[in-house]
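Every heavy atom of this structure was used, including side-chain atoms; hydrogens, water molecules and symmetry mates were not.
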Amino acid sequence: MADQEELRVSDRMGKMSRMLALVHLLADAVEGLTLDEMAAALGVNRRTAERMRDVIAANFDLEERTDDRHKRFRIAGALRRAYTRPSATEVAALQAEVEARTAEQASRATLLASLLQKVKGALDDREKRRIEPDLDALVRLQRTRIVAGPLAPANPEALAQVQQAILTAQCLEFDYRADGASEPAWRRIVVYGLIHGPVTYVVGKLPAHDRPPVPFRLDRMTNVRAGEAVGCPPDDWDLDAWQQQSFGIWREADHDIVLRVAPASAAQARAWRFHPAQVIEADGDAFIVRFRAGGLREIAEHLFTWGGDVTIEAPEALRDVMRERLAAAAAALRPILSDEAPTSDYPDRSASSPDSLTPHIAREGHRSLS
């Protein structure tokens with residue numbers, strides 16, 4: 001049995017070696033090869049050479065021409081091009097992303113559009129003709145869904161300055177108009193990251209303070225420039241870990257969140273990501289979702305989308321925020337709104353002093369997500 005298995009392996013290796021040899025022969029042959037020449041070079045019969053040619057044609061750009069009543073075949077271009085040439089599905093996916101980000105007026109829409117043009121421009125005429133029918137069909141019937149959200153157009157030049165500061169390890173300087181502020185204030189930060197989305201955020205830390213990094217909305221920045229001061233995050237900085245501290249963009253003390261999913265929504269919720277670091281525990285037909293994060297208001301507002309099938313087990317602070325949001329939702333249904341706004345222990349949203357930087361950013365985060 002072992003000898004038979006070795007023979008089968010040896011046979012497969014021999015077939016693969018012949019196939020690779022034919023690939024290189026077709027790539028190196030300037031005039032191309034006929035089927036008889038392929039068979040002679042590999043020591044196989046014509047029918048085998050024909051099958052091998054069909055396999056290669058399905059994976060490479062095999063060019064066919066007739067010379068003195070004989071068909072000759074060759075692989076056009078360099079071999080590596082077969083592995084780097086984009087397919088119609090890849091180009092269509094990129095184009096759908098470009099169109100969605102352009103509709104959102106996203107800060108990186110210009111960069112993605114430029115990439116798309118470069119990808120298309122790198123295709124030669126033969127490659128364009130090859131993918132054009134499939135590309136047209138996919139582009140016509142493929143879209144990236146654009147959800148309701150803020151229109152926060154940011155200047156592409158501002159994004160370029162942020163990226164320049166990252167590349168050169170320089171501090172970023174800009175004028176920033178915080179939520180509720182009548183005039184912008186000058187800021188200098190060490191750039192700790194860029195977070196793209198419907199609203200683009202620059203994560204930064206004030207170099208002269210011990211405050212943790214906070215997000216700044218790129219669309220609220222003006223006169224953005226890479227400064228002369230040197231500044232870069234420490235080597236152990238983890239942007240992903242920083243993001244996981246919050247459910248959305250709000251920066252506040254994190255909490256141990258415990259949610260119970262009713263059996264009616266268990267199947268749907270099991271395929272749902274509440275948080276990147278979530279832990280799921282079975283509890284009969286229901287199950288429990290646990291994770292640690294801040295952003296209680298964002299969590300509460302997300303739970304509205306579950307129609308009561310996801311309930312709050314802990315913490316009590318999240319229950320309080322949910323009561324506040326329910327009161328606000330009920331007020332929206334009254335014919336005449338009361339002058340008395342619902343109150344809670346949630347962080348003050350009216351802070352506007354320079355010493356209240358984090359509440360400013362938090363308010364902007366809520367507005368971008370609600």
Side-chain angles (χ1 to χ4, degrees), residues 192-206 209-217 233-263 265-326 328 344-349 351 356-370:
Y192 272 56
L194 261 174
I195 300 176
H196 295 286
V199 176
T200 298
Y201 289 91
V202 180
V203 181
K205 183 179 183 299
L206 300 178
H209 296 81
D210 293 331
R211 294 170 178 159
V214 293
F216 296 81
R217 282 178 56 159
D235 291 339
D236 60 353
W237 165 250
D238 188 334
L239 182 59
D240 293 323
W242 180 86
Q243 282 191 272
Q244 290 181 14
Q245 294 171 4
S246 294
F247 186 79
I249 200 66
W250 185 288
R251 307 306 300 173
E252 65 179 7
D254 48 0
H255 301 263
D256 288 318
I257 309 299
V258 184
L259 307 174
R260 177 181 294 276
V261 181
S265 292
Q268 178 185 357
R270 284 187 182 278
W272 193 267
R273 184 181 65 248
F274 290 89
H275 189 269
Q278 68 186 26
V279 175
I280 295 178
E281 303 171 0
D283 186 17
D285 293 334
F287 67 88
I288 303 296
V289 180
R290 300 178 186 273
F291 57 89
R292 185 170 181 82
L296 298 184
R297 175 172 167 176
E298 291 163 314
I299 298 173
E301 291 179 350
H302 173 71
L303 294 183
F304 273 89
T305 65
W306 287 92
D309 283 345
V310 179
T311 56
I312 301 168
E313 295 284 297
E316 188 61 32
L318 180 55
R319 294 175 185 267
D320 292 339
V321 174
M322 177 57 86
R323 294 185 185 100
E324 174 196 310
R325 304 317 301 154
L326 288 169
S344 75
D345 293 332
Y346 210 59
D348 179 20
R349 299 184 185 87
S356 302
L357 180 61
T358 301
H360 277 315
I361 305 306
R363 290 200 312 280
E364 292 158 339
H366 282 323
R367 185 161 297 174
S368 70
L369 296 172
S370 60

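Separating the CZ atom in F291 from the CD1 atom in I280 is a distance of 11.0 Å, to the nearest 0.5 Å. With rounding to the nearest 0.5 Å, the separation of CD in Q278 from CD in Q244 is 11.0 Å. Atoms CG and NZ, on D210 and K205 in that order, are 6.0 Å from each other to the nearest 0.5 Å. Interatomic distance, E324 CD to D320 CG, rounded to the nearest 0.5 Å: 9.5 Å. Here R217 contributes atom CZ and T200 contributes atom OG1; the two are 10.0 Å apart, rounded to the nearest 0.5 Å.
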Does the side chain to side chain contact (heavy atoms under 4.5 Å, CB included) test come out yes or no for R260 and D283, once each step is laid out? CA-CA 9 Å; R260 177 181 294 276; D283 186 17; 2.3 Å; yes
Side chain to side chain contact (heavy atoms under 4.5 Å, CB included) for I257 and R292? Distances and angles first, verdict last. CA-CA 6 Å; I257 309 299; R292 185 170 181 82; over 6 Å; no
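With a 6.0 Å radius and a threshold of 12 heavy atoms from other residues, nucleotides or ligands, D238 has its CG atom above the threshold.
Y201 places none of its side-chain heavy atoms less than 4.5 Å from the side chain of L194. Side-chain contact check for M322 versus L326: some heavy-atom pair is nearer than 4.5 Å. A heavy-atom distance below 4.5 Å is found between the side chains of V258 and I288. Using a 4.5 Å heavy-atom threshold, the side chains of F274 and L259 count as touching. Between W272 and V261 there is no side-chain heavy-atom pair separated by less than 4.5 Å. Proximity of W242 to V203: side-chain heavy atoms (C-beta onward) are separated by under 4.5 Å at one or more points. Contact of the V214 side chain with the L206 side chain is not registered, since no non-hydrogen atoms from C-beta on lie closer than 4.5 Å. Contact of the W306 side chain with the Q268 side chain is registered, since non-hydrogen atoms from C-beta on lie closer than 4.5 Å.
Between R319 and I312, the closest heavy-atom pair is NH2-O, 2.9 Å. Y192 and P213 make their closest contact through CD2-CG, 3.6 Å (heavy atoms, listed as atom of the first residue, atom of the second, distance). When every heavy atom of A269 is checked against every heavy atom of F287, the shortest pair comes out as CB-CZ, 3.4 Å. L296 and A317 get closest at one heavy-atom pair: CD1-CB, 3.8 Å. What you find for I299 and G294 is that their closest heavy atoms are CD1-O, 4.2 Å. Pairing each heavy atom of D285 with each of A266, the nearest pair is O-CB, 3.8 Å.
Taking a cutoff of 4.0 Å between a charged side-chain nitrogen and a carboxylate oxygen, D256 and R290 do not qualify as a salt bridge.
Both tests do not hold together for R325 against F304: distance to the six-membered ring centre under 6.0 Å, angle to the ring axis within 45°.
For the pairing with S246, the side chain to side chain donor-acceptor pair (under 3.5 Å) check across E252, H275, E298, R251 returns one residue only, R251.
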